[in-house]
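Here is how names work: the chains are called A, B, and so on, in the same order as the sequence lines, proteins then strands, and each is numbered from 1.
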Amino acid sequence: MQTQQVRRRGYNMEIEHGVPVKLIFFAQSRELAGVRQTTINLPTKIAYQQLLNLIANRYNLESIKNNILLAKNEEVISDNCDIELRESDNIAVIPPLSGG
Amino acid sequence: MDHLKLIPDKLSVEEVSDLVLDSRCGAVSVFVGITRDSFDGKKVVRLEYEAYDSMALKAMQSICDDVRDKWPAVHSIAMYHRLGCVPVKEASVVIAVSSPHRVDSLEAVSYCIDQLKASVPIWKKEVYEDQEPVWKENNECISKEQIKPPENIDKNLVQINVSSEELEKRIQNFIARKREQVNISNIHDFIPSKGESETEDMETCARVRTQFVKRSDSKGHLKIRRVYNEWGPQTVSRHHPYIKEESSQNLPHSIAERVQAIESFLNTGPVAPDIYKRLKDMEDKIAYLQSISPEYAMFWKNKKVETEELPETQSEYTFTAEDIAKRIELLEKQQ
């Protein structure tokens, strides 16, 4: 079902050969997604924008899509490069910070 | 020593500042962030903090590393951030820095809180008395700056309006095409057609059937390929069309170039092209004024000496009949 959904939206990905990746949500994104963390199958290589679109679309984050950062294994990912993923990697959705 | 912690319990300022005490340090600077009871006139009941613990601790450690780079005199740093519910008027963050002299610790503690707000993944939700809770956003937060769309770009300067994916695809296609071209030219260079080298083939053990031919117009043996761009950045004047430059304002590019070349050859230097136009305008104006006003007669003195005398002789005819009679009388008496 996931595969179908992804295909329909025109993302050129091979979900079948993907790797399971842990996806973690925080703060506002956690409330919108309705989960704290989940596992998702992702291709081993994916463009930042593709991944962002996919996450925003699937986890109800369209409203804050332009304000979130993604972090892989606790490092913020720069938004202009491809992301290479391996099993047991974790991707965190980071809404605007408000510590202090 | 760096003391970094995210704790769910009430923070004790004294406990944190004690961590950095040292007999060699004459200064301990402490910053305490306290939750306020109102925001924009709305009454705040409490704040709820959450963090991406492992990443937050990493980010705090990297702040400490930065501090030690910038202020080597700093002795100890302690950064404690509280998580979970924080009632108003209680500390949410305590930062203490010690150093032998106060300047370093004061500056460092200020840097620490700025950086903490900007780069440590901690979030707070403000819970109000009578309104929906709101997730806050620090002004210092980096993501805002990174995502801000570029402003004030002249639309005329944007040549390609496609998504970054499409752009990426085009770049990849371009690279692929160029690689193909390079491959083909390498094949031409290093594997000459069979007709040429068939006989040598038999006698050589070289892996590539390379033929080194001395080129007449070059020191190298490789063919030189020149690229003639029909249109592109190289063929367009390097002056930007949208930044109007006076030197090319009125003249076509080719003419302007010739003028500049001749000017520099004659050593008259480049003259702003509009100076000629201004000179012509001034001359035209003078000519016009001369033609309509006797006040500018001085301008025609040299040329029109004869005409200047005429009015004088003519003026004698303006005498009245009486004057003439008197004059005749005088002449008669003289005789």
Would the number of heavy atoms belonging to other residues, nucleotides or ligands and lying under 6.0 Å from CD of A/Glu31 be above 12? yes
Out of B/Glu137, B/Lys117, B/Lys136, which one pairs with A/Ser98 under the side-chain contact (heavy atoms from CB on, under 4.5 Å) rule? B/Lys136
Taking side chain as everything from C-beta outward and backbone as N, CA, C, O, which of these in B/Ser164 sits under 4.5 Å from a heavy atom of chain A? Side chain, backbone, both or neither. side chain
Let me know if A/Asn90 has heavy atoms under 4.5 Å from chain B in its side chain, its backbone, both or neither. side chain
Region of B/Lys124 in contact with chain A, defined by heavy-atom distances below 4.5 Å: both
What part of B/Ala51 is in contact with chain A, defined as an atom under 4.5 angstrom from a non-hydrogen atom: side chain, backbone, both or neither? backbone
Under 3.5 Å donor-acceptor, B/Trp123 side chain and A/Pro95 backbone: yes
Check: B/Asn138 and A/Pro96 side chains under 4.5 Å, non-hydrogen atoms: no
Over 12 non-hydrogen atoms of neighbours within 6.0 angstrom of NE2 in B/His101: no
Closest heavy-atom pair, A/Gly100 versus B/Ser92, reported as atoms and distance to 0.1 Å, is O-OG, 3.4 Å
I'd like to know whether NZ of B/Lys58 has more than 12 heavy-atom contacts from other residues, nucleotides or ligands below 6.0 angstrom. yes
Non-hydrogen atoms of B/Val120 and A/Leu97 that approach each other most closely: O-CD1, 3.6 Å
Part of B/Tyr49 within contact of chain A (heavy atom distance under 4.5 Å): side chain
Can you check whether A/Asn53 reaches B/Glu165 side chain to side chain, under 4.5 Å on heavy atoms? yes
If every non-hydrogen atom of B/Pro121 is compared with every non-hydrogen atom of A/Ile94, which pair is closest and at what distance? CB-CD1, 4.5 Å
Atom of A/Glu74, atom of B/Tyr52 and distance for their closest heavy-atom approach: CG-OH, 3.5 Å
Under 4.5 Å from any heavy atom of chain B - which part of A/Ala47: neither
Once you round to the nearest 0.5 Å, how far does CD of A/Gln49 lie from CD of B/Glu168? 11.5 Å
Heavy-atom count check: over 12 atoms from other residues, nucleotides or ligands less than 6.0 Å from B/Glu166 CD? yes
B/Lys169 atom NZ, over 12 foreign heavy atoms within 6.0 Å: no
